[in-house]
K.L.:
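The structure follows.
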Amino acid sequence: MADASYNPFRTAQAQLDHAMEVLGLEPSIRQLLREPMREYRYRLPVRMDSGEVQVFDSYRVQYNHARGPTKGGLRWHPDETIDTVRALACWMTWKCAVLDLPLGGGKGGVTCNPTSLSTAEKERLARAYIRAAGHRMSVDRDVPAPDVHTTPQIMAWMLDEYETMMGYHHSGVITGKPIPLGGSAGRNEATSMGGVVIAGEVERELGHQIAGARCAIQGFGNVGGILARLLHERGARVIAISAVDGAIHNEDGIDIPKALTYYNRNMQQIAGFDGGDAISNEELLTCSCEMLFPAALENVITESNAMDIQAKVIIEMANGPTTPAADKILYERGIFVVPDILANAGGVTVSYLEQVQNTYNYRWSVEDINRELQRRMKEAFAAVYAENKRVEGPMRLAAYLLAVERVAEACRLRGWV
Ligand code: NAD
């Protein structure tokens, strides 16, 4: 991920090309699906606390809207480029289609280092982004949500700016909001909860038990941290965790509630936690374990470490953690990989349920949300697994075959190709 030569959009296109080839899609559809339908770039001048103005690069990509309004998070990260956003928007398109949500795929990003911004600077940046990009967003057009380094509070400022600009309430335009502003019960945990549902389906179909399984989790933020807690509660032995500053290993199992308290008190850092031995992020990926959950950023499982991975199952909670070359190696080695567009789809599923509640101006209980989330994740897993049995190859290919055909069908029905 810190490798400047790595281009995630090339990875996304390679995965898509493979699926389109197997599906035998017509050339016009291939041409359409290989590139975003709309993309925007904004330069955002923001006044810093010092009084000086800093200009930030930012993006919004609406990749494909054949199946509905585009949907996808906003990432604030120093390595954000138009190509990271294109890749993430492309993956969102297939993710929404795998879950059979009536949505297209989109994504946004701001190139910035959020850890160096004050709360007031973050608020001004969030509002500046919406002043620039908000005219092209609406519940029927394009709906953002949180992603890396963006939070429900940031969504709240963005919603307020949007509604102030438009002069009316329209809470469904942004999901992942705080609950008092129309956020959904269960949204915060949804991505991780979805990952646990998938782990449960892997247990049911392949017999890899969660209880007692040694799990390694890369990334301890919104997704990885909550996932660690949920797995710990289900009796898994979480033996390795990490954040950007380092990783911790404990063969007896890490005390996850204690680690979460440490992480939240130490400005989202895990180094120095005394509940295990310090290891590197690279060592975490290749440590001896049954289940590996990459939950940080893309491009972490590559040709250079795929041979060393010891996990039997990889559940991709991050977007794009595995390169196509690594995928091939993992498949040949018999490691069962649940791809990102299925494994981490719990977040967008509950975002969709949030939009539905906002449209009806109604609230469902957390029990209702989790029941619906489970049902949809299980159905999607079953469909992908059935496809995987029909077509020889990795689960990623099966998920792509289902998703790309669904999007292609919508494009054909609209008469676009
Ligand atoms: P976050 O900002 O809350 O947490 C990211 C975590 O990754 C942090 O612990 C951070 O320290 C760690 N990290 C960052 N760089 C790292 C590195 N180089 N090595 C190891 N760890 C590193 O973000 P998040 O919302 O938890 O998202 C994590 C991943 O999950 C991303 O790929 C995101 O796109 C994906 N995702 C998130 C959601 C969601 O609902 N938030 C939904 C689907 C997919």
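Just so you know, these numbers come straight off a predicted model, no measurement behind them. Both counts, for ligands and for their atoms, begin at 1 and track the order of listing.
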K.L.:
Between Arg376 and Glu372, does any side-chain N to carboxylate O distance fall below 4.0 Å?
P.N.:
yes
K.L.:
Is any NZ, NE, NH1 or NH2 atom of the basic residue among Lys328 and Glu303 found under 4.0 Å from an Asp or Glu carboxylate oxygen of the other?
P.N.:
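Between Glu303 and Lys328 there is no salt bridge, as every charged N stays at least 4.0 Å from the carboxylate O atoms.
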K.L.:
Using a cut-off of 6.0 Å, state whether more than 12 heavy atoms not belonging to Met307 lie near its atom CE.
P.N.:
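Count not over threshold, so no.
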K.L.:
Using a strict 4.0 Å cut-off to heavy atoms of Asn319, name the atoms of ligand 1 that fall inside it.
P.N.:
32 (O), 33 (C), 34 (O), 35 (C), 36 (N), 44 (C)
K.L.:
Regarding Glu298 and Arg75, does a basic nitrogen lie under 4.0 Å from an acidic carboxylate oxygen?
P.N.:
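Between Arg75 and Glu298 there is a salt bridge, with a charged N closer than 4.0 Å to a carboxylate O.
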K.L.:
Is any N or O atom of His149, backbone or side chain, closer than 3.5 Å to an N or O atom of ligand 1?
P.N.:
yes
K.L.:
Run the numbers on Lys122 and Thr151 for side-chain hydrogen bond (donor to acceptor under 3.5 Å, both in side chains), then give the verdict.
P.N.:
CA-CA 11 Å; Lys122 284 184 191 169; Thr151 58; over 6 Å; no
K.L.:
Sequence neighbours left out, what passes side chain to side chain contact (heavy atoms under 4.5 Å, CB included) with Gln268? Give chain and number order.
P.N.:
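In terms of side chain to side chain contact (heavy atoms under 4.5 Å, CB included), with neighbours along the sequence ignored, Gln268 is linked to Tyr263, Asn264.
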K.L.:
Out of Ala295, Ala318, Pro321, who gets a non-hydrogen atom closest to atom 28 (C) of ligand 1?
P.N.:
Ala295
K.L.:
At less than 4.0 angstrom from any non-hydrogen atom of Ala243, what atoms of ligand 1 do you find?
P.N.:
9 (O), 11 (O), 20 (C), 21 (N), 22 (C)
K.L.:
Are Gln269 and ligand 1 in contact, using a heavy-atom cut-off of under 4.0 Å?
P.N.:
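Per 4.0 Å heavy-atom rule, Gln269 does not contact ligand 1.
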K.L.:
Checking contacts here: is it the side chain or the backbone of Ala145 that comes within 4.0 Å of ligand 1, counting heavy atoms only? Could be both or neither.
P.N.:
neither
K.L.:
Among Val244, Thr115, Val300, which residue places a heavy atom closest to atom 11 (O) of ligand 1?
P.N.:
Val244
K.L.:
Tell me the nearest of Gly221, Ser351, Gly347, Gly176 to atom 6 (C) of ligand 1, using heavy-atom distances.
P.N.:
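Nearest option to atom 6 (C) of ligand 1, by heavy atoms: Gly221.
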K.L.:
Should Phe293 and Val238 count as side-chain neighbours, where that means a heavy-atom distance under 4.5 Å?
P.N.:
no
K.L.:
With a 4.0 Å cut-off on N to O distance, would you call Glu201 and Arg204 a salt bridge?
P.N.:
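A salt bridge is present here (some side-chain N lies under 4.0 Å from a carboxylate O).
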K.L.:
What part of Thr191, side chain, backbone, both or neither, has a heavy atom within less than 4.0 angstrom of ligand 1?
P.N.:
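Side chain only.
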K.L.:
Considering the heavy atoms of Arg187, write down every atom of ligand 1 situated less than 4.0 Å from one of them.
P.N.:
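Reading through ligand 1 atom by atom, the close ones are 40 (O).
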K.L.:
Heavy-atom contacts under 4.0 Å between Arg75 and ligand 1: side chain, backbone, both, or neither?
P.N.:
side chain
K.L.:
If you measure from atom 27 (O) of ligand 1 to every heavy atom of Val148, Thr84, Leu88, which option wins on shortest distance?
P.N.:
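The option holding the nearest heavy atom is Val148.
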K.L.:
Would you kindly specify which portion of Val223 sits under 4.0 Å from ligand 1, judged on non-hydrogen atoms: side chain, backbone, both or neither?
P.N.:
both
K.L.:
Could you work out, for atom 20 (C) of ligand 1, the closest of Val348, Thr150, Asn281, Leu227 by heavy-atom distance?
P.N.:
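Minimum heavy-atom distance to atom 20 (C) of ligand 1 goes to Asn281.
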K.L.:
Return the CG to CD distance between Leu230 and Glu189, rounded to the nearest 0.5 Å.
P.N.:
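Leu230 CG to Glu189 CD: 7.5 Å, rounded to 0.5 Å.
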K.L.:
More than 12 foreign heavy atoms under 6.0 Å from NE2 of His77: is that the case here?
P.N.:
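Correct, the count exceeds 12.
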K.L.:
Would you mind listing which atoms of ligand 1 come within a distance below 4.0 Å of any non-hydrogen atom of Ala296?
P.N.:
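Heavy-atom distances to Ala296 below 4.0 Å select 7 (O), 13 (N), 21 (N), 22 (C), 28 (C), 29 (C), 31 (C), 32 (O).
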